[in-house]
Every structure is written in C-alpha cells, then in structure tokens.
Amino acid sequence: MLDIKLLRGNPGVVREALNKRGSDLDLNPFLNLEEKRREKLAVVEQLKNRRNVVSEEIGRLKREGNEAADMVAEMRQVSQNIKELDDELRDIEAELQGFLLTIPNVPHETVPVGRDAQDNVEVYRHGEPGSPGFAVKPHWEVGESFDILDFERGSKVSGARFTFYKGAGARLERAVINFMLDLHITEHGYVEVLPPYMVNSGSMLGTGQLPKFAEDMFKVEGTDYYLIPTAEVPVTNLYSGEILDGSRLTISHCAYSACFRAEAGAAGRDTRGLIRQHQFNKVELVKFTRPEDSYEEHEKLTWHAQRVLQVLEIPYRVVCLSTGDMGFSSAKTYDIEVWMPSYNDYKEISSCSNFEDFQARRANIRFKDGKEKPRFVHTLNGSGLAVGRTVAAILENCQQEDGSVKIPGPLVRYMGGMEKIG
RNA sequence: GGAGAGAUGGCCGAGUGGAUGAAGGCGCACGCCUGGAAAGCGUGUGAACGGGAAACCGUUUCGCGAGUUCGAAUCUCGCUCUCUCCGCCA
C-alpha cells in the first residue's frame, strides 16, 4: 500500500510508476474522493468538539443541581448530525482503502523499465551449463525410472500437479531442506521459524496477496483460512501491528514450509515434472530492515540464496526483473534462474524482492528508536530456495552417463552417506 | 464440543455513566546528588488522523463491532482472542 500522502502530494510520481508497470489506472476519482473526505472530516470534528465541550458543561451543571434541558436537546440534534456524517465518512474511507489496496508498488529507480520478461536484465552468471556428451534425461524420467517420484499416483490420490516422493527421492527432498536451513542458520545468521501453513485473510492482505489475487490461492471452505502460497506470508506477518525496537533491526528469519498455489491461468505450462505443483516445499528468507539499509540487505539476501547453488555447484544466473515483470508488491526483484537441461534453458528457482514499506504499511509493522516517531520498516524476502525445483535441477545437472545421479558432496551426509541414486 | 473466568498504556495494575488519556507501580529518558556508580530526589514519558512554518490546537483510541445516553473504559447485545476445568485427540 502506498502512502496516501504521497498520492495526495505527488500524484505525478505514482502515475509515472503505474505507466512503467503498464497500468493505466486513473487516479483522479481517488484524489477527488480524498478531498471530499478531508472536507467532511473537518466538519464532523468541529461538531464533536462542540459535543464534548457542551456535554462537559451539562455534567457540571447537573452536579451543581441545575437544569440543562435546552442544552441536552441541542446535543441530541448534534449527535444525530455526527452520526450521519460518520456514516458517510466510513463509506468514503472504505472506498479509498479499497482503491489504495489495488495500487501496485512504485518501482525503484534502478529497475530496468520494460514491458515484460523480455526486458529483464541479466546481472550475474555462475558456472557454465555442462555439455556432458550424452543425452540428459529430464528429471521426471529419472524419477520414474528409479521409482523415486510417482506422478501418476499423485494424480490418482489428489489430482493433477500433485506428486509422491518415494525412497531416495523423499530423502533427497528432506536432505535439501535441511541443508538449506543449516546453511542459512549457521553461515548467514538467519533465525529459523516454522510457521503455520494456514493464515487468515488479514495476513494475506498484509503481504499483498489479497484482495487482488484471491484466485491464485486455496481457501479452506467455511473458514477465514487460506493455505499459504509461501512462508513469506506468515513470517512477514509475524510482527504485524507491532512497533519493533530499532536496535533489533535488521531481523533475519528463514523458514521451511510447504506452499500451496492454485496456479490459476497456468494451465498447459510446465505440465511435466516437479516444476509447477499445487503443493511444493520451499525455504524462505525474510528480512525486516531500517529503510536506509534495505537495498544493501537486498543484495545480501540475494547472495545468500545464490550460495545454495554455488555450494551444490549447479550453474545459474541472476536477472533483475523489469518494471513490467515485477510482482504487485515489489519495488525491486532479482530472480535466480537455475540451469535446467530438460528445458535447455534457465528456470526460476528463487525470487528475491525488496518491498520497501509497501507491505509494512499494509501489515502495520513499524520500529522506533528511543523517542523518535515510529517509522515503517522495510520488508524483503526471497526463496532460499524452492526445494522441488532444486531437486529437479540435481536430478538433471548431476546425472552421469549411465543415468545414475551423483549426490552433490554437501548433501551426502544428509543422505546418510548415500553418494548416488540409481 | 461443554462449563466458567478474563481482555485497560512498553509491562503490571486501579477504575460508583460526567473533574480520567486514564490512579498507583515497574520500565525508560532527562536533571539533581556522587570522585564515579548504586540508592535517593525531581521532571517527563502511547499511537493514528486533521489543521499549522512552528509553538501548538482539534478529533479518535481502554480486544473488535453494533446499541442505550446530552455524555460510555464503565450499561446492553453480537463477535474474536486468551486462560482454567471436563470431553476428544497427535
């Protein structure tokens, strides 16, 4: 959510930001309504002042044993007027709020301006896609041939885009989760959190999934609970409504969770394998920073996510998303893309974003130093990493000529000493 | 699921419908005292919104939402959450 004062005082900045994102939202109805709100507010506050002053006077008179019938009559009328104005104001504020919640964040000045993913800019590349001299099998074939992934039974038991992991496959998924968590906890200084997988609508509003993206999520029928699409939601909302002690910042959390996505509008894309599932595992990194620190922390966080692939020795690249490809809440996003032989291309495995105060304003997360006024924190997050996609990348990038898969060194101890699959 | 108790400022904790943004305490900040510290003493200490260059002024805020009233932390109703006991369960 943007600062209403920014919109009021500097609508040009917001219009320009919207244009960069390819949105043609008209701000004028909003600005007119906001003007109306302030006019009515001034009137009703004056009436309330009158009521407060006179009511106090009535109290004084009664205590002294005097009558005040005419004043009481007047105040009855004033209270009636206040009530009507308050009702009108509440409607206006609800409308303003609804509008405000649908305006995307303003992109940072360093973000490349562009229409879509075509305009993303590669900023870093690590390792080179191997040319193994044999035909690398896609991970879904590897998974089925060694009976470690079972897509058909996943469909039978649940439906499309659900998968069973079995044997060494299940263990590999678990090994990757533990390896990632340990790396971030011990080497990067994150504090681990294991969050709820269902959250209420207020939390979804706080991080920006609601109100615009309800169709992307699973809702638990008959309740106010949603299955989380990412641990970002519960972990960012961990401090919602709180005023944090400034000396505690930067706060860094990492969290493993299952993630649930309806994948509305993704029909026909990535239909095979582990790439696009309704339920998948992810290790998430979340930071709460002072405003002046967030861009430095954004670089750090993105680096921490990359470390996973560096240590596993899997090729990847980092791209800075253009204004047209960025998510609704983000001010700047780097995607980390892992080399995926089955696609003969790089495939997104992490998305690291700085939201500045956009989420903090929605979720009301502030900090304070001593006697200063509270300020909104900046929130950041990134996958560190998507676990299913990492497993897929291992099954393909670490494939040997005989079709077996060599377990990357750092994972061997998490696999109980197992060095290869197949 | 049943029965009961509760929700007040950063924390604890008072609060007969009018003088209470809210006693008292803790914490915190500043000052005095001290060679320095502790103790002691004094002063100050929430947030949001609106107006104002500022000083400051106004409005709102005692879990949330309705209601009664000239006036609600205080009375009524609904909801949420927390705690205790019983049942069930991992």
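Every chain is numbered from 1 and lettered A, B, ... according to where its sequence line falls, protein lines coming before strand lines.
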Nearest-angstrom distance from the residue atom CG of A/Asp86 to C1' of B/G65 = 14 Å
Residues in side-chain hydrogen bond (donor to acceptor under 3.5 Å, both in side chains) with A/Gln80, at least two apart?
-> A/Glu84
Mind checking A/Arg50 for me? I need base, sugar-phosphate or nothing, with any heavy atom below 4.0 Å counting as a touch.
-> nothing
In terms of side-chain geometry, is the basic nitrogen of A/Glu297 or A/Lys287 positioned less than 4.0 Å from the acidic oxygen of its partner?
-> yes
Mind running a 4.0 Å heavy-atom check of residues 5-13 of chain A against RNA chain B and sending the residues that fall below it, in number order?
-> A/Lys5, A/Arg8
Sort and list the pairs that fulfil ring pair (Phe, Tyr, Trp, His ring centres under 6.0 Å) and have at least one residue in residues 51-91 of chain A, not counting sequence neighbours.
-> none
Closer than 4.0 Å, any side-chain N/O of A/Asn49 to the OP1 or OP2 of B/U59?
-> yes
Contact residues, residues 41-48 of chain A to RNA chain B [heavy atom, < 4.0 Å] | A/Leu41, A/Glu45, A/Lys48
Among A/Glu45, A/Glu88, A/Glu34, which one satisfies salt bridge (charged side-chain N to carboxylate O under 4.0 Å, His left out) with A/Lys40?
-> A/Glu88
Could you tell me the separation between the CD1 atom of A/Ile82 and the P atom of B/A72, rounded to a whole number of Å?
-> 10 Å
Name all residues meeting the ring-ring contact (aromatic ring centres under 6.0 Å, His included) criterion together with A/Tyr334; count only those two or more places apart in sequence or in a different chain, and write none if there are none.
-> A/His298
Atom C1', compared across B/C89 and B/A5: separation rounded to whole Å = 25 Å
Atom-to-atom span, CG of A/Leu89 to P of B/G50 - whole angstrom = 12 Å
Calculate the interatomic distance between A/Glu242 atom CD and B/G9 atom C1'; express it in whole Å.
-> 16 Å
Could you measure between the two C1' atoms, the one in B/G10 and the one in B/U16, and give it in whole Å?
-> 30 Å
Salt bridge or not for A/Arg50 and A/Glu74, using N-O below 4.0 Å?
-> yes
Can A/Glu284 and A/Lys282 be said to form a salt bridge (Lys or Arg N to Asp or Glu O under 4.0 Å), step by step?
-> CA-CA 6 Å; A/Glu284 186 76 359; A/Lys282 185 155 61 69; 2.6 Å; yes
Taking only residues two or more places apart in sequence or in another chain, which ones pass salt bridge (Lys or Arg N to Asp or Glu O under 4.0 Å) with A/Arg307?
-> none
Might you list the N or O atoms of the protein lying below 3.5 Å from N or O atoms in nucleotides 80-82 of chain B, with each pair's distance?
none

Ignoring backbone atoms, test whether A/Arg76 places a side-chain nitrogen or oxygen under 4.0 Å from the OP1 or OP2 oxygen of B/C70.
-> yes
Which nucleotide sits closest to the side chain of A/Arg37: B/U59, B/C49, B/G71?
-> B/C49
For B/A29 versus B/A19, give the span between their C1' atoms, rounded off to a whole number of Å.
-> 30 Å
Taking NZ from A/Lys83 and P from B/U60, how many angstroms apart are they, rounded to a whole number?
-> 16 Å
Would you tell me if any nitrogen or oxygen in the side chain of A/Asn52 comes within less than 4.0 Å of OP1 or OP2 on B/U59?
-> yes
Specify whether A/Tyr239 and A/His253 have parallel, tilted or perpendicular ring planes, treating 30° as the upper limit for parallel and 60° as the lower limit for perpendicular.
-> parallel
Length of the line joining A/Asn364:CG and B/U61:C1', which is rounded to integer Å | 14 Å
Kindly indicate, with the supporting measurements, whether the criterion salt bridge (Lys or Arg N to Asp or Glu O under 4.0 Å) is fulfilled by A/Lys368 and A/Asp245.
-> CA-CA 6 Å; A/Lys368 188 163 84 157; A/Asp245 184 343; over 6 Å; no
Say you pick atom C1' in B/U61 and the same atom in B/G44; how far apart are they, in whole Å?
-> 22 Å
With sequence neighbours left out, which residue pairs that include part of residues 56-76 of chain A fulfil the ring pair (Phe, Tyr, Trp, His ring centres under 6.0 Å) condition?
-> none
Contact nearer the 5' end of RNA chain B, comparing A/Met75 with A/Pro374 | A/Pro374
Of all the choices, B/A47, B/C70, B/G51, which nucleotide is nearest to the side chain of A/Arg366 once you look at every atom?
-> B/A47
Hey, would you say the A/Phe328 and A/Phe213 ring centroids sit under 6.0 Å apart?
-> yes
Under a 4.0 Å N-O cut-off, is there an ion pair linking A/Lys48 with A/Asp86?
-> yes
Pick the P atom in B/C64 and in B/U69, then give their distance to the nearest Å.
-> 23 Å
Write down the protein N/O and nucleotide N/O pairs, taken from nucleotides 15-19 of chain B, whose separation is under 3.5 Å; answer none if there are no such pairs.
unit_1	atom_1	unit_2	atom_2	d
B/G18	O2'	A/Arg63	NH2	2.9
B/G18	N2	A/Ser55	O	2.8

d(CG, A/Leu61; C1', B/G71) in whole Å = 13 Å
Partners of A/Arg361 by salt bridge (Lys or Arg N to Asp or Glu O under 4.0 Å), sequence neighbours excluded?
-> A/Asp3, A/Asp357
Take A/Arg276 and A/Glu263, measure what salt bridge (Lys or Arg N to Asp or Glu O under 4.0 Å) needs, and give me the verdict at the end.
-> CA-CA 8 Å; A/Arg276 194 174 294 275; A/Glu263 296 294 351; 3.1 Å; yes
Determine the interatomic distance between C1' on B/A72 and the same-named atom on B/C83; round to the nearest Å.
-> 27 Å
When rounded to the nearest Å, what value does the distance between C1' atoms of B/U8 and B/G21 take?
-> 11 Å
If you measure from the P atom in B/G31 to the same atom in B/U84, how many Å do you get, rounded?
-> 45 Å
Kindly point out which of B/G46, B/G67, B/G58 is positioned nearest to the side chain of A/Lys368?
-> B/G46
So what does the secondary structure string of RNA chain B come out as, 5' to 3', with Watson-Crick or wobble pairs under 3.5 angstrom, [ ] for crossing and | for pairs with another strand?
-> ((((((((.[[[..)..(.....]]]((((((.......))))))((((((....)))))).[[[[[..)....]]]]])))))))....
Nearest to side-chain heavy atoms of A/Ser79, which nucleotide of B/G71, B/U68, B/U60 = B/G71
note: A/Asp70, atom CG; B/C70, atom P; distance rounded to Å ~ 14 Å
Counting distance only, does the side-chain N/O of A/Arg389 pair as donor-acceptor with the main-chain N or O of A/Ile275 below 3.5 Å?
-> yes
Sorted by chain and number, sequence neighbours left out, side-chain hydrogen bond (donor to acceptor under 3.5 Å, both in side chains) with A/Asn354 holds for A/Ser294
4.5 Å side-chain heavy-atom contact, A/Arg261 and A/Thr230 | yes
